[in-house]
Amino acid sequence: MEEMRPSGGPTSQPFPTLFPPGLHAIYGECRRLYQEQPNPLQVTAIVKYWLGGPDPLDYVSMYRNQGNPAVDVPEHWHYVSFGLSDLYGDNRVHEYTGPDGPSGFGFELSFRLKREPEESAPPTWPAELMQGLARYVFQSENTFCSGDHVSWHSPLDNSESRIQHMLLTEDPQMRPVQTPFGFVSFLQIVGVCTEELHAAQQWNGQGILELLRTVPVAGGPWLITDMRRGETIFEIDPHLQQERVDKGIETEGSNLSGVSAKCAWDDLSRPPEDEDDSRSICIGTQPRKLSGKDTEQIREALRKGLEINSKPILPPISSQRHNGMNHDRTPSRKDSLESENSSAIIPHELIRTRQLESVHLKFNQESGALIPLCLRGRLLHGRHFTYKSITGDTAITFVSTGVEGAFATEEHPYAAHGPWLQILLTEELVERMLEDLEDLSSPEEMKLPKEFSWPEKKLKISILPDTVFDNPLP
């Protein structure tokens, strides 16, 4: 529950010394930018979070920014949150850790919304959007970083808008502040279309933010969100996909570490009647289950990929659970305390790792279309990529020779832990496969089922209709 009212800044307090120092520091930065707006409209949580209220942000201030038409910055509303950082320093919300580290989570959110000509007051829906993101941060303890993306899957203002997801970047005007409880930076929410989110997932967030800055109607230099924008940057400038995104993936690699997909695999080195067979599409009535540790490890791979490690290492097997929306890349504060050296996989004794001689991989068309990205954007850059089945308990992880801790090796490139298959592909084989899989780049012309095989490597890939995966058991 929230209410909107004019804020009382530090000067309106009868006893300035009682004004919470963390709040005072953020107000000071807002004052620097908006001297003529000492008491902006604020959305405030009626029941504060520390008293059991649902909203972690105590306040969201809303300013009118005149922009700078000379450099394509339109007039807009500027929203600033108060509450992700430590405002009070008395442990009521955040643990007090002193002045030298981050204050609370170390950041506050901001948002810039293009002002429509008919608007005399700022819309308040961005405050609820910011509360939603703040709830995610508090519940998961996952902090945000510049370049991160958030899959929201809904128009940010609950309208019919194409702006349905978010990227995060440094606020172009707000400077980081030092408070008695630590430092606070300002991360700006940038609304994007689904196609732009996918490009950020497949390449990286910073690359797409840079493209948005160059297109005035899509954000411009200050990355202002226009909820009425009807075209993606790729529709506005069709060259951007090929010349910037595809080239970026090729030269820098992809930040996408895995997807949930329709996929399966068969162990062709065993006869189907072998009772000890643990193929993913089970002939028997009792499919094998992924162990909790394997499931957690795959979840970690899907959640954050390799980018937080200096070396390409598969994520650790850990017992932590993470809830919340789809948010990629950032480690939780708990994770970041762990030594990177502990990240190598220690296969647990409950499930024996099996080396396989020959494997058959099966994907639906949508999943198959990502194989070239997996090969070109991940494996050729020394990284890994995981397909996790959405219809069963199967997982397929492709690894390159540079990935430490994998249970697939150059000597035994196909290895399985129950229904989790790892496939190690050498650079030479990846290059060959990319040539052979060229048909996957124009899926509309491909007739299903489509089979690709590398007999001397005892590897086969089939692209199959969705119906095969919807009914996996005979």
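From a predicted model like this one, the values you see are computed outputs, not experimental measurements.
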Pairs meeting criterion salt bridge (charged side-chain N to carboxylate O under 4.0 Å, His left out) with involvement of residues 96-112, two or more places apart: Arg112-Asp171
Sequence neighbours excluded, every pair satisfying salt bridge (charged side-chain N to carboxylate O under 4.0 Å, His left out) that has a member inside residues 221-241: Lys114-Asp226, Glu116-Arg228, Glu118-Arg228, Arg162-Glu235, Glu196-Arg229
Residue pairs fulfilling salt bridge (charged side-chain N to carboxylate O under 4.0 Å, His left out) with at least one residue in residues 74-93, sequence neighbours excluded: Arg64-Glu75, Glu75-Arg115, Asp90-Arg92
Ion pair check, Lys247 and Glu250, cut-off under 4.0 Å: no
Partners meeting salt bridge (charged side-chain N to carboxylate O under 4.0 Å, His left out) with Lys450 (sequence neighbours left out): Asp439
Donor-acceptor contact present, side-chain Ser161 to main-chain Pro155, <3.5 Å: no
Residue of the set Arg244, Gln242, Glu243 for which side-chain contact (heavy atoms from CB on, under 4.5 Å) holds with Leu240: Arg244
Aromatic ring proximity, centroids under 6.0 angstrom, Trp265 and Tyr387: no
Ser257 and His384 side chains, donor-acceptor separation under 3.5 Å: no
Pairs where residues 201-216 contributes a residue and the test salt bridge (charged side-chain N to carboxylate O under 4.0 Å, His left out) is met, not counting sequence neighbours: Glu210-Arg213
Any residue meeting side-chain contact (heavy atoms from CB on, under 4.5 Å) with Val217, in chain and number order, not counting sequence neighbours: Val215, Ile236
Spacing of CD belonging to Gln42 relative to OH belonging to Tyr79, to within rounding of 0.5 Å: 13.5 Å
side-chain contact (heavy atoms from CB on, under 4.5 Å) partners for Asn91, two or more places apart: Glu95, Tyr96
For Glu170, all residues meeting salt bridge (charged side-chain N to carboxylate O under 4.0 Å, His left out), sequence neighbours excluded: none
Pair Phe138 + His94: ring centers closer than 6.0 Å: yes
Spacing of CG belonging to Leu361 relative to CZ belonging to Phe363, to within rounding of 0.5 Å: 5.0 Å
Min side-chain heavy-atom separation Tyr59-Leu23 under 4.5 Å: yes
Pairing residues for Ser389 by the side-chain contact (heavy atoms from CB on, under 4.5 Å) criterion, not counting sequence neighbours: Cys263, Thr391, Thr394
Residues forming a ring-ring contact (aromatic ring centres under 6.0 Å, His included) with Tyr88, sequence neighbours excluded: Trp50
Minimum side-chain heavy-atom gap Val137-Phe107 below 4.5 Å: yes
Side chain to side chain donor-acceptor pair (under 3.5 Å) involving Trp77 - partner list, sequence neighbours excluded: Glu119
Listed once per pair and sorted, the side chain to side chain donor-acceptor pair (under 3.5 Å) pairs that draw on residues 363-374, sequence neighbours left out: Asn364-Ser367, Asn364-Asp466
